[in-house]
Amino acid sequence: MLGDLTGKVAIVTGAGQGIGQGIASVFARAGAGIVVATRSAGNGQATVDDIAATGGQAILIQCDVGKRSEVERVVTETLAHFGRVDIGIHNAAIYPLHTVEELTDEVMEQTLAVNMKAAVWLTQACVPHFRKQGGGRLIFTSSVTGPRVAMPGTAHYAMSKGGMNGFIRTAALEYARENITVNGVEPGYILTQAMSALGDEEQLNAMAQCIPQGHLGTPEDIANTMLFLASREAGYITGQTIVVDG
């Protein structure tokens, strides 16, 4: 089966809702054991329960990925429970809207820590275990905002995603000889709770009409792309980001 992850273990940050929830569900259906690493225990447990209800295996680790020690703890607890880790997915992100003049050091630091630095920390924590197992997959949720396009009020968010893409390419080169691939997905407009920050239903419908396919994407659109990147079939792909924006 294309994308079969039977016997694999995947950490998914920000898996309590939106894209992260979609990734966790799709990967669980593909046979992977899932670590739902998220800040909200309620949302995270709901994801775990949904996976269990469909016959999958998942655990919740409540954490703040904006702190290095918390990311390291996620990997430690994953190994304690499952005995291995094969796929590290950093998806968690924050999206506070501020103009350049409104940006404070606190907002910038929090955005860069959660959105970008956490990807580095997850990589550093996973790689030693990937080496012992003979390989692994690192996959990051980037964005078209920053690497491809710009939008007022999102300079700090764009910085974090542009930086993430630079990290993906560099880390991919460093780990290529060790069967560790590093890739990302750049979502466009995906219908999640976070989209409410960009407008009401009427405004979102208007935005959808500007997309060539005429509709917003779903979390599963991103999850299915990541499933391919996590699979055996994508073993010769590294240092890439795939735009999924309709």
Side-chain angles (χ1 to χ4, degrees), residues 1-5 10-32 34-40 42-56 58 87-95 97 114-115 137 139-149 151 154 157 161 164-165 183-231 233-234 237 240-246:
M1 183 181 73
L2 183 68
D4 183 9
L5 299 182
I11 295 171
V12 185
T13 69
Q17 61 182 8
I19 291 174
Q21 183 180 33
I23 295 167
S25 298
V26 167
F27 275 50
R29 289 198 296 271
I34 306 298
V35 176
V36 175
T38 192
R39 185 170 54 181
S40 171
N43 288 344
Q45 189 59 51
T47 300
V48 169
D49 293 345
D50 287 345
I51 290 172
T54 57
I87 304 159
I89 299 174
H90 178 51
N91 164 80
I94 55 175
Y95 198 82
L97 294 175
V114 172
N115 296 8
R137 299 282 192 268
I139 310 171
F140 305 119
T141 302
S142 183
S143 177
V144 296
T145 301
R148 312 284 173 173
V149 301
M151 185 167 61
T154 66
Y157 179 83
K161 297 304 185 178
M164 174 180 279
N165 281 20
N183 293 293
V185 176
E186 297 181 28
Y189 286 134
I190 306 299
L191 190 56
T192 66
Q193 296 90 328
M195 285 292 291
S196 63
L198 300 180
D200 57 24
E201 183 176 359
E202 183 179 349
Q203 290 169 316
L204 293 181
N205 287 334
M207 291 166 58
Q209 296 311 305
C210 297
I211 297 171
Q213 288 196 358
H215 60 88
L216 302 178
T218 69
E220 287 72 22
D221 291 321
I222 307 305
N224 288 327
T225 307
M226 287 199 173
L227 178 61
F228 169 65
L229 292 172
S231 71
E233 290 81 4
I237 298 172
Q240 304 303 308
T241 59
I242 300 176
V243 175
V244 181
D245 67 353

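Starting from 1, each residue takes its place in the sequence as its number.
Taking each heavy atom of Ala30 and Gly3 in turn, the nearest pair found is CB-O, 3.4 Å. When all heavy atoms are compared, the tightest approach of Asn183 to Ile237 is ND2-O, 3.0 Å. Looking at every heavy atom in both residues, Ser143 comes nearest to Lys161 through CB-CG, 3.7 Å. Taking every heavy atom of both residues into account, Pro219 and Thr192 meet most closely at CG-CG2, 4.1 Å.
If you take NE2 on His90 and OG1 on Thr13, they are separated by 5.0 Å, rounding to the nearest 0.5 Å. Interatomic distance, Asp245 CG to Asp221 CG, rounded to the nearest 0.5 Å: 10.5 Å. Distance check, rounded to the nearest 0.5 Å: CD1 of Ile23 to CD1 of Ile139 gives 8.5 Å. Annotation: the span from Tyr189 atom OH to His215 atom NE2 amounts to 15.5 Å, rounded to 0.5 Å. Atoms CG and CZ, on Leu5 and Arg29 in that order, are 12.0 Å from each other to the nearest 0.5 Å. One finds the CD1 atom of Ile242 at 6.0 Å from the OG1 atom of Thr225 (value rounded to the nearest 0.5 Å).
Thr38 places none of its side-chain heavy atoms less than 4.5 Å from the side chain of Gln21. Glu220 places a side-chain heavy atom less than 4.5 Å from the side chain of Val26. In this structure the side chain of Val12 never reaches within 4.5 angstrom of the side chain of Val36, judged on heavy atoms. Contact check for Leu97 versus Thr154: side-chain heavy atoms found under the 4.5 Å cut-off. Annotation: side chain of Pro187 is in contact with side chain of Ile19 (closest heavy-atom distance under 4.5 Å).
Every side-chain hydrogen bond (donor to acceptor under 3.5 Å, both in side chains) that Asn165 has, sequence neighbours left out, goes to Ser142, Glu186. Remark: Phe27 engages no residue in a ring-ring contact (aromatic ring centres under 6.0 Å, His included) (not counting sequence neighbours).
The backbone N or O of Thr141 sits nowhere less than 3.5 Å from a side-chain atom of Asn91 that would complete a donor-acceptor pair.
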- request: Test Leu216 against Ile211 for side-chain contact (heavy atoms from CB on, under 4.5 Å), laying out the working first.
  value: CA-CA 8 Å; Leu216 302 178; Ile211 297 171; 3.8 Å; yes
Kindly list each side-chain donor-acceptor pair under 3.5 angstrom involving residues 44-51, sequence neighbours excluded, with atom names and distances?
residue : atom : partner : partner atom : Å
Gln45   : NE2  : Asp49   : OD1          : 2.8
Thr47   : OG1  : Ala15   : O            : 2.8
Thr47   : OG1  : Asn43   : O            : 3.3

